[in-house]
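These numbers come from a predicted model, not from an experiment.
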2 protein chains.
Amino acid sequence: MAQSAAGNGKRIRNGGSHSGLSPVEVALVEYFVSLADLVGMPKSVGEIYGLLFSAEAPLAMDEIIARLGLSKGSASQGLRFLRDCQAVRTVYRAGDRRDFYEPELGLRNLAAGFLREKIGPRLDEGARKLARLEKIVAGETPNLRKIHGNRIDRIRTWQKTGQRIIPFALKFLKG
Amino acid sequence: MAQSAAGNGKRIRNGGSHSGLSPVEVALVEYFVSLADLVGMPKSVGEIYGLLFSAEAPLAMDEIIARLGLSKGSASQGLRFLRDCQAVRTVYRAGDRRDFYEPELGLRNLAAGFLREKIGPRLDEGARKLARLEKIVAGETPNLRKIHGNRIDRIRTWQKTGQRIIPFALKFLKG
DNA sequence: CATTTTGTTCAATATTTTTTGAACTTTGCG
DNA sequence: CGCAAAGTTCAAAAAATATTGAACAAAATG
């Protein structure tokens, strides 16, 4: 059992919620917690990514649990989500059964994963709702159809603009 | 009291949650509710905007309350938020004390208001957190400083890219 | 200026979302 | 295989968020 934990500097050991983390780690975790909140993800996901981001070496789930003081369940689910988004990668370590995690640092990859996992499905759902809407309007009297058709065209224009903007933004992040 | 309500077509009058709305109105409200959810706003805000979007004529708050079946409080707060974002405008009607509301339909204006009200403040907060972080790192030993400085530079790069992308995206929405 | 209509505020309540932890599954090892 | 370590799942509890409605304030009306 030679897992020792990536030893960076002095740790704080008070009773606070981030005991065992250095001041920089605390500040980084906080930063990513507020970022997670901004994009509508649970705090625990921000905490995990923040810890991995500040760590010198990849961490295993039990280390993450110990250092952040969260439950196995949250850690497992949070890591799964981050893996799904490719915001973290697993790293294999000889002679250790555990999976070790390291963060993806490329903004483009982070954004792409997030868009794919979180935004994409919602956009698809929106497209389905719009299709349903169009069907309802098509079944109306000519008079109503004209009025409602106008508004629906507006949404369709929005949808198209949105679809064009995404690959564009990603390309922007490339360089 | 000649407010009569913008009379578009047949209404459904069942006991459902959107009684008093036509099928198209229901579908549009649903569309905007899911959009509201996507961007992290309360359902009621999506309902209100959706109703105004589907309405032929501007609506007053009491009409919104009656047709969506929500409380005065929600309606008042929701309309305030939409007004702050300039997602709705008030329209004056001679001989009527109430404010009437109509929706902003331009995607660019909608996005700009949302960014200003919802995203901007968060980004500012992020910038403050980053500054605090840099101060902490500056006070560390040279050894630690080197390690942490690296990661912080990475965030700073992200921040800069993000700042460049926003006006760019808005310009994209212009056309 | 008293009254009524319109709109706001905010503490209490309801709803939704997140977290927990114990039971369960899977995997590697001798 | 049998055991132990690693990781997942999900129902229940906790925390966060949104909604309600009654009390309040502002503004027009007569």
Going 5' to 3' through nucleotides 7-12 of chain C and flagging B where a protein heavy-atom sits under 4.0 Å of the base, S where only the sugar-phosphate is that close, and - otherwise, we get BBBB--
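- Applying the side-chain contact (heavy atoms from CB on, under 4.5 Å) test to A36(A) and every residue at least two apart in sequence or in another chain returns M41(A).
- Remark: R122(B) engages D37(A) in a salt bridge (charged side-chain N to carboxylate O under 4.0 Å, His left out) (not counting sequence neighbours).
- Residues that satisfy the side chain to side chain donor-acceptor pair (under 3.5 Å) test with Y49(A), not counting sequence neighbours, are absent from this structure.
- By the side-chain contact (heavy atoms from CB on, under 4.5 Å) test, R97(A) is found to be paired with no residue, residues two or more places apart in sequence or in another chain being considered.
- The CG-P distance, from L59(B) to dT6(C), rounds to 15 Å in whole Å.
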N/O-N/O pairs, protein side and nucleotides 15-18 of chain D side, under 3.5 Å:
none

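- Between F53(B) and F32(B), the ring-plane angle classifies as tilted under the 30° and 60° cut-offs.
- In terms of the side-chain contact (heavy atoms from CB on, under 4.5 Å) criterion, residue partners of Q159(A) (sequence neighbours excluded) are, by chain and number, A127(A), L130(A), I155(A), Q163(A), Y31(B).
- Partners of D84(B) by side-chain contact (heavy atoms from CB on, under 4.5 Å), not counting sequence neighbours, listed by chain and number: R80(B), E117(B).
- K129(B) pairs by the salt bridge (charged side-chain N to carboxylate O under 4.0 Å, His left out) definition with E125(B), not counting sequence neighbours.
- Put simply, CG on D96(A) is 10 Å from C1' on dA6(D), counting in whole angstrom units.
- Between the C1' atom of dT20(D) and the CG atom of L68(B) lies a distance of 15 Å, rounded to the nearest Å.
- Atom CZ in R93(A) sits roughly 13 Å away from atom P in dA6(D) (whole-Å rounding).
- In this structure, the CG atom of L70(A) is 12 Å from the C1' atom of dT18(C), given to the nearest Å.
- Atom pair I65(A):CD1 and dT8(D):P shows a separation of 10 Å (rounding to whole Å applied).
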